[in-house]
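See below for the structure under consideration.
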Amino acid sequence: MSEEKSLNFIEEIISQDLALGKYESILTRFPPEPNGYLHIGHAKSICLNFGLAKHFGGKTNLRFDDTNPAKEDIEYVDSIKEDVKWLGFEWAKECYASDYFDQLYAFAVILIEKGLAYVDDSTAEEIAQQKGTPTVPGTGNDYRNRSIQENLELFAAMKAGKFADGEKVLRAKIDLASPNMHMRDPLLYRIKRAHHHRTGDAWCIYPMYDFAHGQSDSIENITHSICTLEFIPHRALYDWCIEQLGIYASHQYEFARLNMTYTVMSKRKLLQLVEEGHVESWDDPRMPTISGMRRRGYTAGSIRDFCDRIGIAKRENIIDLSLLEFCVREHLNKIAQRRMVVTNPIKLIITNYDKGEEVLHSENNPEDPNGGTREVPFSNELWIEREDFMEEPTKKYFRLGPGLSVRLKSAYIVTCESFEKDAAGNITTVHVTYHPDSKSGQDTSGMHVKGTLHWVSAKHAVPVVLNEYDRLFKVEDLAAAEGDFKDYINADSLKKVIAYAEPALSNDGLDARFQFLRKGYFYQDTKSTKDHLVFNRTVTLKDTWAKEQKK
RNA sequence: UGCCUGAUUGUGUAACGGUAGCACGACUGUUUUUGGUGCAGUUUGUCUUGGUUCGAAUCCAGGUCAGGCAACCA
């Protein structure tokens, strides 16, 4: 009982708020802008926001922060909803900042009436210049002194489409000398004639983030508005708007965004990878997007577990990819169907096997006692991995070599008698004799071997394509790497290999999770068909032999 | 030469003035019909200098380092 998990700092705040009776229940929100696909960094935020609500008995809204029609699209809205659902979360309400455009406009009018906002005719460059720098205070302009009446009329004219794009903006009148740059008369509205995916052409002025986000939170009665660290300087403005408008006081809290080794986590960079063809699409299995990871074979549960393990804090961080891999292996180990697939084959001929063929049985998952077995055809001609035979075995090599014995998984123990090479000196065929009394499950041979190999009966084998993925980038910390991030793209992040699979694989469902014995975890690609099976490697198995060899 | 965050082992994350713990990684050993899994173990850490205190990762002061802030983006 005393080993309850310690609370993160946001959970501390909420549990205090609740204990103090500040709220009866909490309401959080996940507020993506529909301008791209969600990635693992968003998953952290989703798990946080929905997790908080679940933990404290509250609710979470899904809100699209769609205030910039130039970049947004319904395609993204749909993918975001799909991803959140797939991750296993249900939102209380589906909201859109654009649903509040009328209300937001009314809020702006209130600020103008209070003398706290004005229409500025300056160009973007002039405004930037007048803002000063972090160490030099900004300077005002004459527009700042316009009368309330004039501002009211001009703002109405802006809305009515009387001005060209960029001709005027609405600004808050706060403090041009503030040490916080965001308080130096921030822009509230800009004129932009762009077709909005929901409001169409009804508006030609759109609110800025700072004027839309906090008020949207307030309108929905969000109690805890959680965002990432870069919004810390915005908080003063967030609070200012709410206070001046006298509306429901939502509060903003910030945590550190997720960074991961060997990948990038910004929509801009991910978009670049897609547009420049470094990957196939947003859901390319090498992408850190939710859709990419789903296609690669990650389970929603393993992603939730990952988000749970990385924790929530305010310091910058970079999480090892190995933690994500650990989470998915741990889950997949429990649920994946075991199958045998040979990727780089050499022929194994059993010289004393005269039964022609027989059907053997192999367990689907040794971790699951109720997992059952499947039929695996066996014959005197098999495929085995090229790397499972060594002409001159080294000391700790437990596999096949002249005179050596191994077990064929779920079948018999075989002993190598001879082998053949082609003209180039490559091994082509290995001849073995099998031990009839060593049959799996009824072994009376008394023999003990160190190695067990996976195999596929040659005449029953089904050809499949395997996408073997590796990390997208060659360096751990892209943020610390100098120059263009694209210089560090791993050119070998995808290897397509043709492999021989046991026939059971062609009868398995599309959603099945597989472990190809001794190879890794695989998941059928979205483009896979019955006649052309394609599997994506989610993650390899841990390979202590490979490590041993490197020594 | 401003303001705002932050600094605990290789990477994350706890410890709320009282034994610096947990996870991943790495490394041993062991089990195993997957060199997988499981099990047992090991693993040079509180940025720095002062101060307060019986006692400081924690409180205070100074310093150092890292990140953020000057888009008609979110």
Side-chain angles (χ1 to χ4, degrees), chain A residues 5-8 12 31-33 35 65-68 70-72 120 122-124 127-129 131-138 165-171 178-184 187-192 205-206 208-210 212-213 227 229-236 254 256 261 267-268 309-327 329-330 333-334 338 340 362-363 366-367 396-399 406-411 413 438 440-441 443 449-454 476 479 515-520 540-549:
Chain A
K5 210 182 159 193
S6 59
L7 301 179
N8 65 49
E12 297 264 14
E33 182 189 14
N35 67 343
D65 225 340
D66 54 351
T67 57
N68 186 4
K71 291 186 177 177
E72 296 153 7
D120 193 328
S122 307
T123 64
I127 288 175
Q129 191 154 50
K131 272 197 181 175
T133 70
T135 52
V136 178
D165 287 11
E167 198 176 328
K168 285 179 169 47
V169 291
L170 183 72
R171 287 227 259 172
S178 171
N180 181 346
M181 296 298 292
H182 293 275
M183 297 298 270
R184 318 243 271 222
L187 270 64
L188 268 24
Y189 269 90
R190 77 284 215 186
I191 302 170
K192 180 178 285 199
I205 59 171
Y206 291 94
M208 300 290 289
Y209 166 85
D210 283 308
H213 202 98
C227 60
L229 254 26
E230 65 270 27
F231 291 97
I232 289 177
H234 295 250
R235 191 174 62 230
E254 311 87 8
T261 55
K267 278 187 194 170
R268 200 195 95 243
R309 286 170 183 268
I310 58 178
I312 301 294
K314 294 187 83 155
R315 57 185 103 91
E316 305 281 343
N317 61 79
I318 179 158
I319 309 285
D320 273 336
L321 179 61
S322 60
L323 180 62
L324 217 209
E325 294 184 336
F326 165 81
C327 292
R329 282 193 190 108
E330 187 178 58
N333 178 49
K334 292 195 184 102
R338 311 295 135 122
M340 294 197 282
S362 190
E363 75 271 14
E367 303 294 311
K396 289 183 186 167
Y397 192 76
F398 301 153
R399 309 177 186 180
V406 295
R407 172 171 292 281
L408 297 173
K409 174 70 182 174
S410 298
I413 292 176
S438 67
S440 200
D443 185 351
V449 293
K450 279 198 162 169
T452 300
L453 310 185
H454 63 279
E476 269 197 18
Q515 183 197 103
F516 293 166
L517 246 54
R518 304 207 296 145
K519 307 246 78 157
T540 60
L541 255 28
K542 258 170 74 177
D543 192 348
T544 50
W545 170 240
K547 272 184 207 164
E548 183 69 31
Q549 280 178 305

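First the proteins, then the strands, lettered A, B, ... as listed; each starts at 1.
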Between C1' on B/U31 and NZ on A/K450, what's the gap in Å once rounded to a whole number? 13 Å
Under 4.0 angstrom, heavy atoms only, what part of the nucleic acid is A/Y397 near: base, sugar-phosphate, or nothing? base
Using a 3.5 Å distance criterion without hydrogens, assess whether the side chain of A/R399 forms a donor-acceptor pair with backbone atoms of A/K450. no
Using a 4.0 Å heavy-atom cut-off, does A/R184 contact any base of the nucleic acid, only the sugar-phosphate backbone, or nothing at all? nothing
Applying a 4.0 Å non-hydrogen cut-off, can you work out what A/P32 is touching in the nucleic acid: base, sugar-phosphate, or nothing? nothing
Choosing from B/G35, B/G36, B/C73, which nucleotide comes nearest the side chain of A/L541? B/G36
Counting primed atoms plus P, OP1 and OP2 as sugar-phosphate and everything else as base, spell out the protein contacts along nucleotides 17-25 of chain B at 4.0 Å heavy-atom distance: B, S or - for each nucleotide, 5' to 3'. ------SSS
Can a salt bridge be assigned to the pair A/D165 and A/R190 using a cut-off of 4.0 Å between side-chain N and carboxylate O? no
For A/V449 and for A/N8, find the nucleotide of RNA chain B with the closest heavy atom, then tell me which residue's nucleotide is more 5'. A/N8
Going by side-chain contact (heavy atoms from CB on, under 4.5 Å), name the residues that satisfy it together with A/P366, two or more places apart in sequence or in a different chain. A/R338, A/E363
Between B/G21 and B/U43, how many Å separate the two C1' atoms, rounded to a whole number? 14 Å
Is the distance from OP1 or OP2 of B/A14 to the nearest side-chain N or O of A/R315 less than 4.0 Å? yes
How would you list, by chain and number, every residue that makes a side chain to side chain donor-acceptor pair (under 3.5 Å) with A/S322, sequence neighbours excluded? none
Counting primed atoms plus P, OP1 and OP2 as sugar-phosphate and everything else as base, spell out the protein contacts along nucleotides 64-72 of chain B at 4.0 Å heavy-atom distance: B, S or - for each nucleotide, 5' to 3'. ---S-SBSB
Would you say the side-chain atoms of A/T133 pair up with the backbone N or O of A/V136, donor to acceptor, closer than 3.5 Å? yes
A/H234: which residues meet the ring pair (Phe, Tyr, Trp, His ring centres under 6.0 Å) condition with it, sequence neighbours left out? A/H182, A/Y209, A/F231
May I have the distance from A/E325 (atom CD) to B/U11 (atom C1'), rounded to whole angstrom? 14 Å
If you check the A/N68 side chain, which of B/A74, B/U34, B/U37 turns out closest? B/A74
With rounding to whole Å, what would you report as the distance between B/A71 and B/U52 at their P atoms? 47 Å
Interatomic distance where CG belongs to A/L517 and C1' belongs to B/G35 [whole Å]: 12 Å
Whole-angstrom distance between B/C54 and B/C3, as gauged at atom P: 36 Å
C1' spacing across the pair B/U44 / B/G55, given as an integer number of angstrom: 26 Å
Of B/U8, B/U37, B/A15, the nucleotide closest to the side chain of A/S6 is B/A15
Test log, rule salt bridge (Lys or Arg N to Asp or Glu O under 4.0 Å), inputs A/E330 and A/R309: CA-CA 13 Å; A/E330 187 178 58; A/R309 286 170 183 268; 3.5 Å; yes
Within the distance-only criterion (no hydrogens, no angle test), does the side chain of A/T452 pair as donor or acceptor with the backbone N or O of A/K409 below 3.5 angstrom? no
Check the pair A/D543 / A/R518 against salt bridge (Lys or Arg N to Asp or Glu O under 4.0 Å), numbers first and verdict last. CA-CA 9 Å; A/D543 192 348; A/R518 304 207 296 145; over 6 Å; no
Sugar-phosphate, base or nothing in reach of A/D543, heavy atoms under 4.0 Å: sugar-phosphate
Between A/A256 and A/P366, who's closer to the 5' end of RNA chain B by nearest nucleotide? A/A256
Across the strands shown, which category fits A/I319 at heavy-atom distances under 4.0 angstrom: base, sugar-phosphate, nothing? sugar-phosphate
Just call it for A/T135: base, sugar-phosphate, or nothing, with non-hydrogen atoms closer than 4.0 Å on any strand. base
Without hydrogens or angle criteria, can the side chains of A/D120 and A/S122 be said to hold a donor-acceptor pair below 3.5 Å? yes
Interatomic distance where CG belongs to A/L453 and P belongs to B/U32 [whole Å]: 18 Å
Could you tell me whether the side chain of A/N180 and the main chain of A/P233 form a donor-acceptor pair under 3.5 Å? yes
Nearest-Å distance once atom P is located in both B/A56 and B/U46: 15 Å
Is any side-chain nitrogen or oxygen of A/T544 closer than 4.0 Å to OP1 or OP2 of B/G36? yes
Evaluate the criterion salt bridge (Lys or Arg N to Asp or Glu O under 4.0 Å) for residue pair A/K267 and A/E33; output intermediate values, then yes/no. CA-CA 11 Å; A/K267 278 187 194 170; A/E33 182 189 14; 5.2 Å; no
Using the six-membered ring for Trp and the full ring for Phe, Tyr or His, decide whether A/Y209 stacks on the six-membered base ring of B/A74 (centres under 5.5 Å, planes under 30°). no
So what does the secondary structure string of RNA chain B come out as, 5' to 3', with Watson-Crick or wobble pairs under 3.5 angstrom, [ ] for crossing and | for pairs with another strand? .((((((..((((....[..))))((((((.......))))))...(((((..]....))))))))))).....
Take atom CD of A/E367 and atom P of B/U31, then tell me their distance rounded to the nearest Å. 18 Å
Look only at the side chain of A/R329 and the backbone of A/N333, and say whether a donor-acceptor pair between them is shorter than 3.5 Å. no
Main chain of A/L187, side chain of A/R171: is a donor-acceptor contact present, judged purely on distance under 3.5 Å? no
If you only use heavy atoms from C-beta on, which nucleotide in B/U13, B/U34, B/C4 is closest to the side chain of A/I232? B/C4
Base, sugar-phosphate, or nothing for A/I318, non-hydrogen atoms under 4.0 angstrom? sugar-phosphate
Touch class at under 4.0 angstrom, heavy-atom based, for A/I413 against every strand present: nothing
What's the gap between B/U19 and B/G62 when it is taken at their P atoms, as a whole Å value? 29 Å
Within the structure shown, what part of the strands sits under 4.0 Å from A/G441 by heavy-atom distance: base, sugar-phosphate, or nothing? base
Any N or O donor-acceptor pair linking the side chain of A/R407 to the base of B/U33 at under 3.5 Å? yes
Between B/G51 and B/C39, how many Å separate the two C1' atoms, rounded to a whole number? 50 Å
For the pair A/S438 (side chain) and A/I413 (backbone), establish whether a donor and an acceptor sit closer than 3.5 Å, ignoring hydrogens and angles. yes
Looking at A/S440 and B/U33, is any side-chain donor or acceptor paired with a base atom of the opposite kind under 3.5 Å? yes
Taking N and O atoms by type only, does the side chain of A/E254 place a donor or acceptor under 3.5 Å from a partner on the base of B/U5? no
Does any N or O donor sit under 3.5 Å from an N or O acceptor when you compare the side chain of A/E476 with the base of B/G10? no
